[in-house]
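As a basis for the values below, the full set of heavy atoms in this structure was taken, side chains included, without hydrogen atoms, waters or symmetry mates. What you see is a predicted model; the values in this text were computed from it and never measured. Naming convention: chains lettered A, B, ... in sequence-line order (proteins, then strands); numbering from 1 in each chain.
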There are 2 protein chains.
Amino acid sequence: MTVGELEASEETMALRVVGALRDEIVTMALKPGDVISESDIAGRYGVSRQPVREAFIRLAQQGLLLIRPKRATIVKKISPDGVRQSRFIRESIEVEIIRRVAARPGDAEAVLAELIAGQETASAADDNLGFHALDELFHRTLARLAGVEYAWQLIDDHKMQLDRVRFLTLGVSSSQRAIAEHKEIAAAVAAGDSAGAEAAMRAHLARAEVLLSQTIADHPDYFEPVH
Amino acid sequence: MTVGELEASEETMALRVVGALRDEIVTMALKPGDVISESDIAGRYGVSRQPVREAFIRLAQQGLLLIRPKRATIVKKISPDGVRQSRFIRESIEVEIIRRVAARPGDAEAVLAELIAGQETASAADDNLGFHALDELFHRTLARLAGVEYAWQLIDDHKMQLDRVRFLTLGVSSSQRAIAEHKEIAAAVAAGDSAGAEAAMRAHLARAEVLLSQTIADHPDYFEPVH
DNA sequence: CGCACGCATCTACCATACAAGATTGAGGAA
DNA sequence: TTCCTCAATCTTGTATGGTAGATGCGTGCG
């Protein structure tokens with residue numbers, strides 16, 4: 001597989017390689033279990049081994065690569081247990097966020113309504129990518145409203161694991177249903193109903209759960225064996 | 001300041017430098033705002049710039065260093081807002097953990113009682129360091145009992161920010177009170193009282209909150225200005 | 001035939017040299 | 001005095017060569 005040159009930019013080579021590799025991994029162009037090497041990637045992107053090496057370190061810390069010293073570097077297989085726990089973390093934080101927002105709705109209602117309207121537009125136009133972006137923005141906005149945007153950044157880091165699974169289930173998810181659930185959350189927030197908002201958020205996040213086992217069955221070699 | 005050589009070990013140089021620098025930062029031997037350079041650290045530890053550089057990258061991703069390209073690398077100042085949000089994350093996750101454990105106590109009661117007994121021994125012997133270790137183990141054990149030990153690892157990463165604050169308030173904290181609160185949590189867990197366990201955990205974590213503003217007042221130059 | 005040894009050949013790790021942006025301070029002109 | 005210019009000298013970024021450990025395969029011995 002040949003890869004186009006990295007476009008020139010302000011950032012350093014190392015960071016550009018990080019971005020390029022992350023995209024390849026999340027979109028499954030690089031598959032879990034694939035063996036890569038510094039020289040290999042360096043050659044493909046037309047840079048030296050040094051920035052590639054630093055990119056490997058960053059991606060390894062984010063859980064996307066596994067560096068086996070003096071042996072090889074491989075694209076980390078998806079850990080079912082890791083996915084489960086990433087969801088646990090996300091649910092813990094998002095539930096706490098929605099509680100806080102519901103406790104002091106402020107101008108949340110108007111902001112959320114606008115976002116949901118945008119999602120309906122994207123969904124009607126079959127703009128899957130746009131919808132995904134707005135979906136993410138919905139959750140990020142809730143974090144901002146709760147005054148903990150930094151916490152969302154944390155979720156974002158660990159969300160890459162989930163994004164790989166999401167990519168494997170593309171098309172399966174129903175944006176209609178997601179929008180309905182978003183409305184339910186927004187309504188509970190507007191009403192200041194903490195308990196209701198929490199329950200709605202839990203239900204919203206739980207929906208993705210059922211897809212995992214099916215995905216594992218479809219692509220068993222992309223996942224770590226249970227031990 | 002001169003630093004002893006790194007003891008020989010199996011791991012790579014880069015990882016040893018990471019550990020050494022992390023300790024220096026958390027214990028405030030390297031103070032927030034201090035300017036360091038790859039060459040400087042390399043000379044002090046007797047290695048080349050390369051492993052030091054890789055250590056910098058890792059520590060920067062963990063939020064302890066700030067790399068300003070072509071300029072300098074500095075020990076990141078503590079962000080009061082970051083501390084607040086790190087606590088938010090920790091509370092979110094720990095509350096969810098304690099709920100799960102309380103919902104299925106299992107053999108939690110015996111395990112927790114044993115840990116608390118150890119803490120009392122350490123406290124009676126004025127073994128502050130040992131008590132701290134057992135305190136951490138208490139929370140980690142709860143995560144294990146909930147089946148989400150990986151989630152604790154996440155907290156651990158972001159706990160370094162909090163540890164720097166904790167180091168500044170050493171001696172202030174009362175281990176007696178912490179033990180009493182641990183007992184309260186364990187009792188609620190044993191009784192299967194989810195709501196009570198959650199409330200006890202929130203109170204336990206909230207106790208540290210009051211110390212922050214005092215600490216900022218004592219060491220204003222260690223913290224980022226509010227913007 | 002089966003197994004152990006050794007060598008060719010991978011890998012990531014580390015050291016060193018060079019490149020290029022950023023800072024600082026000295027020195028000269030207005 | 002004040003301000004601008006520029007060069008010395010910091011910094012991190014990148015390239016490349018050499019090193020040591022791990023792997024796999026072929027060979028030769030039992």
Side-chain angles (χ1 to χ4, degrees), chain A residues 1 3 5-22 24-25 30-77, chain B residues 1 3 5-22 24-25 30-77:
Chain A
M1 164 182 41
V3 174
E5 296 291 310
L6 298 175
E7 69 258 31
S9 135
E10 293 301 319
E11 20 175 42
T12 66
M13 284 290 180
L15 287 181
R16 271 183 277 172
V17 174
V18 167
L21 281 178
R22 179 168 25 77
E24 284 195 62
I25 293 172
L30 283 174
K31 304 187 191 313
D34 278 0
V35 175
I36 59 184
S37 80
E38 296 174 0
S39 324
D40 176 23
I41 304 296
R44 275 171 43 192
Y45 285 114
V47 297
S48 82
R49 285 168 16 228
Q50 182 66 21
V52 174
R53 174 176 177 73
E54 297 179 0
F56 279 15
I57 291 176
R58 289 182 163 91
L59 292 169
Q61 252 194 335
Q62 295 180 10
L64 291 181
L65 292 183
L66 178 63
I67 300 176
R68 301 199 302 175
K70 308 284 181 69
R71 261 169 293 244
T73 297
I74 68 179
V75 179
K76 204 169 180 184
K77 292 201 176 188
Chain B
M1 167 183 43
V3 175
E5 295 292 308
L6 298 176
E7 68 258 32
S9 135
E10 294 300 320
E11 6 173 57
T12 64
M13 284 290 180
L15 287 181
R16 271 182 277 172
V17 174
V18 167
L21 281 178
R22 179 167 27 75
E24 285 195 60
I25 293 173
L30 284 174
K31 305 187 190 314
D34 278 2
V35 175
I36 59 184
S37 82
E38 296 173 359
S39 324
D40 176 23
I41 304 297
R44 276 171 42 193
Y45 285 115
V47 297
S48 84
R49 268 184 55 210
Q50 185 65 23
V52 173
R53 176 176 176 75
E54 297 176 2
F56 278 17
I57 291 175
R58 289 180 162 94
L59 292 169
Q61 266 197 329
Q62 296 179 10
L64 291 181
L65 292 184
L66 177 63
I67 301 175
R68 301 198 301 175
K70 308 285 182 72
R71 267 173 288 259
T73 298
I74 68 180
V75 179
K76 206 170 180 184
K77 293 201 175 187

Which ones in residues 57-65 of chain A lie close to DNA chain D, meaning a heavy atom under 4.0 Å from one of its atoms? none

When every nucleotide of nucleotides 15-24 of chain C is labelled 5' to 3' by its protein contacts under 4.0 Å (heavy atoms), B for base, S for sugar-phosphate only, - for none, what sequence of letters results? BBBB--BSS-

Kindly give the heavy-atom pair with the smallest separation between A/Ala14 and A/Ala55, and that separation in Å. O-CB, 3.9 Å

Give the rounded distance in Å between these two atoms: CD1 of A/Ile74 and C1' of C/dC10. 16 Å

For a quick test of your reading: what N or O donor-acceptor pairs under 3.5 Å do the side chains of residues 57-73 of chain A make, sequence neighbours left out?
none

Pairs of donor and acceptor atoms involving the side chains of residues 31-42 of chain B, under 3.5 Å and at least two apart or interchain, shall be tabulated with distances.
unit_1	atom_1	unit_2	atom_2	d
B/Lys31	NZ	B/Met28	O	3.2
B/Asp34	OD2	B/Lys31	N	2.9
B/Ser37	OG	B/Asp40	N	3.0
B/Glu38	OE1	B/Arg49	NE	2.8
B/Glu38	OE1	B/Arg49	NH2	2.8
B/Glu38	OE2	B/Arg53	NH1	2.9

Spacing of CG belonging to A/Leu21 relative to CZ belonging to A/Phe56, to within rounding of 0.5 Å: 6.0 Å

Check every nucleotide of DNA chain D for an atom under 4.0 Å from a heavy-atom of chain B, then give the first and the last such nucleotide from 5' to 3'. D/dT11 to D/dT14

Answer whether the closest heavy-atom distance between the side chains of A/Gln50 and B/Gln50 falls below 4.5 Å. yes

B/Leu15 atom CG is separated from C/dC13 atom P, nearest whole Å, by 8 Å

Looking at C/dT11, I'd like to know if its phosphate oxygens (OP1 or OP2) sit under 4.0 Å from a side-chain N or O belonging to A/Thr73. no

